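Encoded as structure tokens, the structure appears first; notes follow it.
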Amino acid sequence: QVHLVESGGGSVQAGGSLRLSCVASSGFRFSSNWMGWFRQAPGKEREAVVTMYTDGGHTYWHDSLKGRFTISQDNAKNTLYLQMNSLKPEDTAMYYCAAELLRSDYDPRVPESFQYWGQGTQVTVSS
């Protein structure tokens, strides 16, 4: 069974920064896999923040977030990170880590394509 555990959320003022972490359990094949971050605000659908193929080559960003957010990984620690800078109130949401496509031909920008999910970590940005 694969487990993803997110951490790093919290409450910050607009303009602040947070770094989210997602640790995958040891049984998960971290390399050569799709992983990503999604978020869901109250009353809204879950949307992709960024998804990436962990061996490089493919990264998909939410159009308005690239430049403020950065994704990185530490293969030795089975950990995916999301550095969020210049946070805005509209970034307030539950942030989820996702891993591994259900099928290799599924769209990695769509939450339904992913097999494993973390429990989420709340990010609240006040103005």
Side-chain angles (χ1 to χ4, degrees):
Q1 183 70 22
V2 174
H3 295 283
L4 304 174
V5 179
E6 304 102 329
S7 62
S11 297
V12 297
Q13 290 190 330
S17 298
L18 287 171
R19 188 176 81 154
L20 307 184
S21 299
C22 170
V23 180
S25 56
S26 59
F28 176 70
R29 187 191 69 197
F30 197 83
S31 62
S32 303
N33 221 324
W34 280 95
M35 296 190 73
W37 291 95
F38 290 78
R39 68 183 184 182
Q40 187 166 19
K44 295 188 177 181
E45 293 186 353
R46 191 169 298 190
E47 63 178 0
V49 173
V50 57
T51 60
M52 66 178 288
Y53 191 67
T54 53
D55 280 359
H58 300 281
T59 304
Y60 296 107
W61 279 98
H62 185 291
D63 288 343
S64 68
L65 298 178
K66 188 177 182 180
R68 293 194 296 122
F69 292 9
T70 305
I71 191 170
S72 61
Q73 64 192 83
D74 186 332
N75 289 13
K77 296 182 179 180
N78 263 25
T79 302
L80 189 72
Y81 301 100
L82 182 68
Q83 177 68 43
M84 306 186 295
N85 299 325
S86 303
L87 283 162
K88 303 176 180 181
E90 52 263 43
D91 295 319
T92 295
M94 185 72 79
Y95 284 71
Y96 296 92
C97 177
E100 193 166 323
L101 297 180
L102 287 162
R103 281 179 41 168
S104 60
D105 59 344
Y106 279 9
D107 187 342
R109 296 165 292 184
V110 176
E112 291 79 11
S113 297
F114 282 86
Q115 183 170 7
Y116 301 112
W117 290 87
Q119 81 288 349
T121 185
Q122 178 68 38
V123 172
T124 302
V125 184
S126 58
S127 57

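The structure presented is a predicted model; accordingly, all values stated were derived computationally and were not measured. When reading the values below, keep in mind they use all heavy atoms of this one structure, side chains included, and skip hydrogens, waters and symmetry mates. The residues of the chain are indexed from 1 along the displayed sequence.
- Note that CD of Gln73 is 11.5 Å distant from SG of Cys22, once rounded to the nearest 0.5 Å.
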Test side chain to side chain contact (heavy atoms under 4.5 Å, CB included) on Glu100 and Val2; report intermediate values, then the result. CA-CA 10 Å; Glu100 193 166 323; Val2 174; 5.6 Å; no
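- Ser32 and Asp55 share a donor-acceptor pair across their side chains, judged by distance under 3.5 Å alone.
- For the ring-ring contact (aromatic ring centres under 6.0 Å, His included) criterion with Phe114, the lone passing option out of Trp34, Trp37, Tyr106, Phe38 is Phe38.
- Rounding to the nearest 0.5 angstrom, the gap separating the CD atom in Gln13 from the OG atom in Ser11 is 10.5 Å.
- Looking at every heavy atom in both residues, Ala93 comes nearest to Ala41 through CB-N, 3.8 Å.
- Taking all atoms of both residues into account, the shortest heavy-atom contact from Ser127 to Pro89 is CB-CG, 3.9 Å.
- No side-chain heavy atom of Glu47 sits under 4.5 Å from any side-chain heavy atom of Val49.
- Test Leu80, Thr79, Thr121 against Ser21 for side-chain contact (heavy atoms from CB on, under 4.5 Å) and you get one pass: Thr79.
- A single hydrophobic cluster is seen to contain both Tyr116 and Met52, as judged by linkage of ILVMFWY side chains at heavy-atom distances under 4.5 Å, directly or through other members.
- At least one donor-acceptor pair under 3.5 Å links the side chain of Thr92 to the backbone N or O of Val125.
- Arg39 and Tyr95 share a side-chain donor-acceptor pair at under 3.5 Å.
- A donor-acceptor pair is defined here as one N or O able to donate and one able to accept, closer than 3.5 Å; such a pair exists between the side chain of Glu6 and the backbone of Gln119.
- A cation-pi arrangement, defined by a distance under 6.0 Å to the six-membered ring centre and an angle within 45 degrees of its axis, is present between Arg46 and Trp117.
- Remark: the Ser17 side chain and the Asn85 side chain contain an N/O donor-acceptor pair separated by less than 3.5 Å.
- Of the possible polar contacts, one joining the Ser25 side chain to the His3 backbone as a donor-acceptor pair under 3.5 Å is found.
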CA sep, side-chain torsions, deciding dist, call: Val12, Thr124, side chain to side chain contact (heavy atoms under 4.5 Å, CB included): CA-CA 6 Å; Val12 297; Thr124 302; over 6 Å; no
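- Under a hydrophobic-cluster definition in which Ile, Leu, Val, Met, Phe, Trp and Tyr are linked whenever side-chain heavy atoms come within less than 4.5 Å, directly or via other members, Tyr81 and Met84 are assigned to different clusters.
- Remark: side-chain polar atoms of Thr51 are not paired, donor with acceptor, to backbone N or O of Met35 under 3.5 angstrom.
- Residues Val23 and Met94 are members of separate hydrophobic clusters, defined by side-chain heavy-atom contacts under 4.5 angstrom among Ile, Leu, Val, Met, Phe, Trp and Tyr.
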Does the pair Leu82 and Thr70 meet the rule for a side chain to side chain contact (heavy atoms under 4.5 Å, CB included), with working shown? CA-CA 6 Å; Leu82 182 68; Thr70 305; over 6 Å; no
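- Between Leu18 and Val123 the shortest side-chain heavy-atom distance falls below 4.5 Å.
- Here Trp61 contributes atom CH2 and Arg109 contributes atom CZ; the two are 15.0 Å apart, rounded to the nearest 0.5 Å.
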Could you walk me through whether Tyr96 and Gln40 pass the side chain to side chain contact (heavy atoms under 4.5 Å, CB included) test, one step at a time? CA-CA 8 Å; Tyr96 296 92; Gln40 187 166 19; 4.3 Å; yes
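- Considering all non-hydrogen atoms of both residues, Asp105 and Arg103 come closest at OD2-NH2, 2.7 Å.
- Linking Ile, Leu, Val, Met, Phe, Trp and Tyr residues whenever their side-chain heavy atoms come within less than 4.5 Å places Leu101 and Tyr60 in a single cluster.
- Formation of a donor-acceptor pair under 3.5 Å by the Asp91 side chain with backbone atoms of Leu87 is not found in this model.
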